[in-house]
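Note sheet for the following structure.
Residue numbers begin at 1 in each chain, while the letters A, B, ... track the order of the sequences.
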Protein chains: 2
Amino acid sequence: MACCEMKGYLTYLILWIIGKKSSNGAEIGRELEKRRGTAPSPGTIYPALKDLRNKGLIDVDDDKNYSLTAEGKKELSIACKFFCNIFYDVEEMIKHCK
Amino acid sequence: MACCEMKGYLTYLILWIIGKKSSNGAEIGRELEKRRGTAPSPGTIYPALKDLRNKGLIDVDDDKNYSLTAEGKKELSIACKFFCNIFYDVEEMIKHCK
DNA sequence: GATGAAGTATTGGATATCCAATTAAATAAT
DNA sequence: ATTATTTAATTGGATATCCAATACTTCATC
């Protein structure tokens with residue numbers, strides 16, 4: 001991308017992905033790869049998961065399966081609203097790039 | 001936002017906003033304020049515009065009106081495709097936060 | 001024409017964001 | 001059992017991203 005790397009959406013995406021389906025780190029990585037084209041580095045995904053855990057937004061079980069906490073669900077809703085407000089005209093974007 | 005600042009979308013948004021309607025810096029700032037809730041600092045918007053100009057993606061006339069160049073339109077399409085691919089399930093997000 | 005308001009711009013950070021490199025553990029395959 | 005593969009995790013940056021502070025210019029209003 002010449003204009004903009006569009007970093008900064010990754011943590012939100014991880015929260016969104018886990019919200020759709022509890023997953024382990026590798027699964028989350030593959031889902032992100034599908035979306036972005038390139039797989040995230042381990043140095044990207046695990047620190048991000050750790051951070052979300054420290055904030056009490058996700059939990060991890062003995063199988064290393066990550067899932068949203070109650071607070072995580074709340075935060076996802078807030079972040080989702082924020083995202084949808086910023087990109088309120090996302091339907092136009094979708095049309096534009098078809 | 002407790003989970004994620006979601007920085008990194010601003011330059012893309014500026015390109016998108018200018019693509020919809022050629023605007024001056026203040027107009028772009030107001031549009032961003034509508035979307036994000038807070039107005040961007042001058043130290044955010046003008047360096048971003050300068051950078052896009054240096055990359056040949058936007059032009060500015062004597063009235064300080066910014067518009068996309070031909071190359072800028074191409075880049076916007078590329079970035080838009082990238083964005084829509086990352087958020088391919090954005091319709092679900094919209095439903096989720098209603 | 002003077003004063004205030006709005007727009008334009010630069011500078012120098014602070015922080016967020018992400019990655020490459022490395023290590024270790026668990027799992028699968030031979 | 002040994003080897004290869006996959007998964008998990010940490011560390012220490014590099015860079016992107018954005019802002020606050022400041023200054024200057026243009027425009028409107030009195």
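- Residue R53(A) contributes atom CZ, which lies 12 Å from atom C1' of dT10(D) at whole-angstrom precision.
- Taking atom CD of E33(A) as the reference point, atom P of dT7(D) lies 12 Å away to the nearest angstrom.
- The pair K34(B)-E31(B) counts as a salt bridge, with a side-chain nitrogen and a carboxylate oxygen less than 4.0 angstrom apart.
- Residue Y46(A) places at least one side-chain N or O under 4.0 Å from the OP1 or OP2 atom of dA8(D).
- L10(B) comes within 4.0 angstrom of the backbone, heavy atoms only, and of no base.
- I14(A) has its CD1 atom 14 Å from the C1' atom of dA8(D), to the nearest Å.
- When each of E27(B) and P47(A) is assigned the nucleotide of DNA chain C bearing its nearest heavy atom, the one mapping closer to the 5' terminus is E27(B).
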Step-by-step side-chain contact (heavy atoms from CB on, under 4.5 Å) determination, V90(B) to M93(A): CA-CA 11 Å; V90(B) 70; M93(A) 286 186 192; over 6 Å; no
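- Here dT26(D) presents its P atom at 12 Å from CG of D63(B), a figure rounded to the nearest Å.
- Using a 4.0 Å heavy-atom distance criterion, G25(A) is classed as a sugar-phosphate-only contact.
- A salt bridge between E92(B) and K95(B) is absent, with no side-chain N of the basic residue lying under 4.0 Å from a carboxylate O of the acidic one.
- At whole-Å resolution of the value, NZ in K64(B) and C1' in dC27(D) are 15 Å apart.
- Boundaries of the chain B contact region on DNA chain C are dG7(C) to dT17(C), first to last in 5' to 3' order (nucleotide atom under 4.0 Å from a heavy atom).
- When each of G43(A) and R36(B) is assigned the nucleotide of DNA chain D with its nearest heavy atom, G43(A) is the one assigned upstream, toward the 5' end.
- Side-chain rings of F82(A) and Y12(A) stay apart, their centers remaining 6.0 Å or farther from each other.
- Residue I28(B) holds its CD1 atom at 7.5 Å from OH of Y66(B), rounded to the nearest 0.5 Å.
- Note on G8(A): only backbone sugar-phosphate atoms sit closer than 4.0 angstrom, heavy atoms only; bases stay farther off.
- The residue among A26(A) and T44(B) whose nearest nucleotide of DNA chain D is located toward the 5' end is A26(A).
- Using cut-offs of 30° and 60° on the angle between ring planes, the pair H96(A) and W16(B) is perpendicular.
- Note on Y66(A): only backbone sugar-phosphate atoms sit closer than 4.0 angstrom, heavy atoms only; bases stay farther off.
- For D63(A) (side chain) and N65(A) (main-chain N/O), no donor-acceptor pair under 3.5 Å exists by modelled atom type.
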